[in-house]
Amino acid sequence: MALSMANTWPLPALLTWALAWGLHLALRSGYSSLWSLALPIAVGVVMSLLQQRIWRRLVTGLGFPLSWMLSSGLGGDSGGLSGIASWGWLVPLAVLVVIYPMKAWKDAPVFPTPADALNQLPEAAPLPPGARVLDVGCGAGHGLQALRQAYPLAKLHGIEHSRPLAWWTQRRCPWARIEAGDMWAQNWTSFDLVYLFQRPETMPRAFEKARAQMNKGSWLVSLEFAVPDVTPTAIVEADENGRPVYLYRL
Ligand SMILES: C[S@@+](CC[C@H](N)C(=O)[O-])C[C@H]1O[C@@H](n2cnc3c(N)ncnc32)[C@H](O)[C@@H]1O
């Protein structure tokens with residue numbers, strides 16, 4: 001239980017940064033500056049290799065060296081980063097947490113749906129004009145834009161955990177209705193198609209929710225991640241890299 005919690009993103013990155021900084025501070029007084037930097041960086045590299053996705057590796061491994069560079073004033077007295085206070089590196093982190101609350105990290109970070117990724121959807125999942133389509137975790141609206149391209153006559157809705165992102169997306173996509181809130185607390189009953197681009201771990205829960213709430217004949221659609229042990233009704237290709245879009249007819 002404790003181990004699986006420690007694996008829940010972004011805890012591995014936060015623990016790695018804390019460990020690296022702890023090591024650095026402990027070694028700084030007694031050892032050469034080379035050791036007090038090399039060991040924490042090595043810890044970051046080892047921990048990053050335990051992550052499966054490239055962006056998580058980068059965040060885990062680069063957290064310490066980047067924050068050290070900012071806080072130690074790399075650039076010397078001549079200016080550059082030296083003007084930044086030692087806590088300066090926390091500012092972008094704080095901004096990130098406000099835009100993108102930790103709760104949302106559990107389901108997925110802000111990765112956009114590519115513009116043409118959903119063009120093939122209507123062939124596999126045709127919808128009548130005026131059908132209600134929902135992007136759960138609509139981020140900055142890229143999924144909504146791809147859905148609109150695929151279903152120009154649909155009524156598009158989005159829900160997003162991050163309030164600033166929901167606000168921003170409503171401005172970017174005035175033709176859609178965006179709600180700030182938790183997708184798990186939302187009722188999906190009235191939607192003909194629910195689209196998501198989340199994480200593999202999210203899929204079983206999303207499928208159970210769709211089965212419990214959505215009407216017979218409606219669709220659950222996921223970019224890249226399948227529902228484990230459930231045969232999709234159809235799979236279409238999202239892009240030239242062969243990324244799949246999984247379709248489940250309920
Ligand atoms: C990978 S992004 C996808 C964004 C968008 N759907 C797209 O395809 O371009 C996932 C988004 O889901 C949001 N999210 C994660 N968990 C959520 C939840 N429980 N309720 C609402 N939004 C959530 C995140 O904040 C993030 O913006």
Side-chain angles (χ1 to χ4, degrees), residues 8-11 13 51-56 58-59 93-121 125 132-151 154-188 191 193-210 212-214 219-227 236-239 241 243-248:
T8 304
W9 187 258
L11 271 186
Q51 299 302 314
Q52 279 170 359
R53 309 193 129 230
I54 183 75
W55 65 271
R56 288 190 184 180
L58 290 174
V59 171
L93 194 66
V95 171
L96 186 68
V97 169
V98 171
I99 294 183
Y100 188 27
M102 298 287 262
K103 257 184 165 175
W105 292 48
K106 263 181 76 181
D107 283 308
V110 188
F111 274 114
T113 294
D116 294 326
L118 307 180
N119 287 354
Q120 293 189 45
L121 269 193
R132 286 167 57 82
V133 172
L134 171 71
D135 181 356
V136 287
C138 62
H142 297 86
L144 284 167
Q145 286 169 331
L147 284 166
R148 190 182 192 215
Q149 192 165 289
Y151 298 108
K155 290 200 171 110
L156 292 163
H157 295 249
I159 184 161
E160 169 55 50
H161 222 317
S162 157
R163 282 185 178 277
L165 264 187
W167 179 87
W168 170 240
T169 303
Q170 186 64 82
R171 258 114 218 109
R172 286 192 72 222
C173 310
W175 31 264
R177 247 178 127 160
I178 313 297
E179 191 184 320
D182 183 0
M183 65 184 182
W184 301 119
Q186 188 188 29
N187 192 332
W188 296 353
F191 295 102
L193 184 149
V194 168
Y195 169 75
L196 72 167
F197 179 26
Q198 295 288 324
R199 289 175 58 195
E201 299 89 320
T202 310
M203 294 313 298
R205 188 175 175 195
F207 187 67
E208 278 319 307
K209 182 172 169 63
Q213 296 183 342
M214 292 176 70
W219 295 89
L220 182 73
V221 176
S222 166
L223 174 60
E224 208 169 327
F225 305 116
V227 181
V236 298
E237 262 183 29
D239 47 33
N241 303 326
R243 266 205 287 181
V245 183
Y246 297 95
L247 292 89
Y248 301 88

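Computation of the quantities below employed the complete heavy-atom set of this structure, encompassing side-chain atoms and omitting hydrogens, waters and symmetry-equivalent molecules. Whatever order the structure lists ligands and atoms in, that order sets their numbers, starting from 1.
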Among Leu144, Val194, Leu193, the one residue meeting side chain to side chain contact (heavy atoms under 4.5 Å, CB included) with Leu134
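With Leu134 as partner, side chain to side chain contact (heavy atoms under 4.5 Å, CB included) holds for just one option, Val194.
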
At less than 4.0 angstrom from any non-hydrogen atom of [X], what atoms of ligand 1 do you find?
X: Pro112; answer: 9 (O)
X: Gly143; answer: 7 (C), 8 (O), 9 (O)
X: Gly181; answer: 20 (N), 21 (C)
X: Gly139; answer: 4 (C), 27 (O)
X: Trp184; answer: 19 (N)
X: Asp135; answer: 5 (C), 6 (N)

Identify which of Glu160, Gln186, Arg199, Glu224 has a heavy atom lying nearest to atom 13 (C) of ligand 1.
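Checking each option, the heavy atom nearest atom 13 (C) of ligand 1 is found in Glu160.
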
Please compare Glu179, Gln145, His142, His161 and report which has the shortest non-hydrogen distance to atom 17 (C) of ligand 1.
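Shortest heavy-atom distance from atom 17 (C) of ligand 1: His161.
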
Lys NZ or Arg CZ of Lys209 over Trp184 ring: under 6.0 Å, within 45°
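The answer is no, since Lys209 fails at least one limit relative to Trp184.
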
Residue part near ligand 1, for Cys138, under 4.0 Å between non-hydrogen atoms
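Within the 4.0 Å criterion, Cys138 contacts ligand 1 through backbone atoms alone.
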
Residue-level breakdown please: for Asp182 versus ligand 1, do any non-hydrogen atoms fall below 4.0 Å on the side chain, on the backbone, on both, or on neither?
both

Met203 side, atom CE; Ser222 side, atom OG - distance, nearest 0.5 Å:
3.5 Å

Rounded at 0.5 Å granularity, tell me how far CG in Leu147 sits from CG in Leu121.
7.0 Å

Can you check whether Trp188's main-chain N or O pairs, donor with acceptor, with Gln213's side chain at less than 3.5 Å?
yes

Check whether any side-chain N or O of Glu179 sits under 3.5 Å from a backbone N or O of Gly181 as a donor-acceptor pair, and report yes or no.
no

Aromatic ring proximity Tyr246/Phe225, centre distance under 6.0 Å
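No, the ring of Tyr246 stays outside the 6.0 Å limit from the ring of Phe225, centre to centre.
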
Look at atom CZ of Arg177 and say whether more than 12 heavy atoms of other residues, nucleotides or ligands are closer to it than 6.0 Å.
no

Where is the tightest heavy-atom contact between Ala206 and Leu196, given as atom of each residue plus distance?
CB-CD1, 3.8 Å

Could you tell me whether some N/O pair between [X] and ligand 1 is separated by less than 3.5 angstrom?
X: Met183; answer: yes
X: Phe197; answer: no
X: Ala140; answer: no

